[in-house]
Amino acid sequence: MELPFAESYRIKMVESIRRSTRPEREKWIKEAQYNLFNLRSEQVFIDLLTDSGTGAMSDRQWAAMMTGDESYAGASSYYNMKNAIKDILGFDYFLPTHQGRAAENVLFSVLIKEDDIIPGNSHFDTTKGHIEFRRAHAIDCTIDEAADTQKELPFKGNMSIEKLEKVMAEHHEKVPFILITVTNNTAGGQPVSMECIKGVRQVADKYKKPVLIDSARFAENAYFIKTREKGHAQKTIKEIVKEMYTYADAMTMSSKKDAIVNIGGFIATRRKEWFEQASVYNIMFEGFVTYGGMSGRDMNALAVGLDEGTEFDYLETRIKQVAYLGEQLDKYGIPYQRPAGGHAIFVDAKKILHKVPREEFQAQTLGVELYLEAGIRGVEIGAILADRDPQTRENRYPELELLRLAIPRRAYTNNHMDVIAAALKNVYDRRDTITRGYKIVKEAPIMRHFTVGLEPCK
Ligand code: F0G
């Protein structure tokens, strides 16, 4: 008999979580103004709000924490991180930052000016926020197929080279760089192929422009290249990662994802002049160039995390768990962005809650229903997140209304996946009775989803 698959680790430390009752959850979600970000974590049983900073560190990472060097300047922990970045990613220059968006803030302060245009494949919301805050524009060149949740493609996160070419032909004077996001979070944790990364590089070279990679989930992307793209099966994850970055001039990193730490980020580049210019902003916004908002112990854990996070066995365990959740949903016929992504399942709320008008936020409504059903917290990737158009102030309605169920790294077991699937099935079974959603009663001028206040529509 063929042996079943099992995790490539065992558990040495546990954290208790608590179930609650439906009446408790009804009270709590009302107090939270139907915004899942406003819940206290103890009001949540299975927390799928994000895979960012929510992973479990390994014994090796905890051991590295104990030898963190907390010197203000020139700490050994800084050099541990520098060496890991050079060895694994290939960049000579780097700046630590407290997380990914801080890396964006620092590097974009150097690279972006008003009216610039930044083409990319579904810029993440903080990335777009940092672009629009500088009165520049993000143009999404993701392939059209990404919007069809039922279409199975191996690299559904790809940038369309055709769309990119068109943007470049029209606007290249205004383009400071092209941005590739791996994996493509907004499109469902879908990977970008090596062929696509190379293709983007060729377009960039034609117009003499740099390429940046927003790298939050670069290792998961490399796993998909190894397992899905011709010519890469025999390579190690680390070899694939190295190759990916030969096509980039710089990267921004949220280490809270694929470097498996609870906080941290960085900028890495091969351009000395960018490093020098960004250093000024880093000192201003983040901290001195050898710590940039991170403690020595966190830099140590990050260096180890980069190594562990680019090991095949770890990635296989991780990505197969997400796929397992997808398989359970398949059993119940629940539609989600296919195939299953690297870090999350994106449930197709538009298909499920088709009776809820889009102005009443279908994905948010599904998120609240799933919380009420079983204390499971996902996150809306729909019209609330899409925000208002900065010029017209009109609501933007994206093609997709998704409820993201992000799976923290090394934190939950497949029994939890079974509970999530069963809870979603219960909501799915009563989908036709859900006809009304929510209206906004309070919203911030930018990135409103974090603090939005909602009320049920009557
Ligand atoms: N880029 C991508 C692709 C991301 O997914 C994120 C964060 C960032 C940049 C910003 O990094 O949070 O460290 O400042 N994504 C988290 C998420 C928040 O839930 O998807 P950060």
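Read the numbers this way: they start at 1 and go in the same order the structure lists the ligands and their atoms.
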Query - Flag for Asp348-Thr149: side-chain donor and acceptor within less than 3.5 Å - result: yes
Report summary line: The protein residues that pass the under-4.0 Å heavy-atom test against ligand 1 are Thr50, Ser52, Gln99, Gly100, Arg101, Glu104, Phe124, Thr126, Thr181, Asn185, Asp214, Ala216, Arg217, Ser254, Lys256, Lys257, Arg404
Query - Gap between atom CG of Asp298 and atom CE of Met57 - 0.5 Å precision - result: 7.0 Å
Query raised in the report: Is Asp258 paired with Arg217 through a side-chain N to carboxylate O contact shorter than 4.0 Å?
Result: no
Requested in this report: Indicate yes or no: does Arg134 engage Asp116 in a salt bridge with an N to O separation below 4.0 Å.
Outcome: no
Query raised in the report: Does Arg297 pair with Asp69 as a salt bridge, N-O distance under 4.0 Å?
Result: no
Requested in this report: Examine Phe94 together with Tyr78 and report whether their ring centres are nearer than 6.0 Å.
Outcome: yes
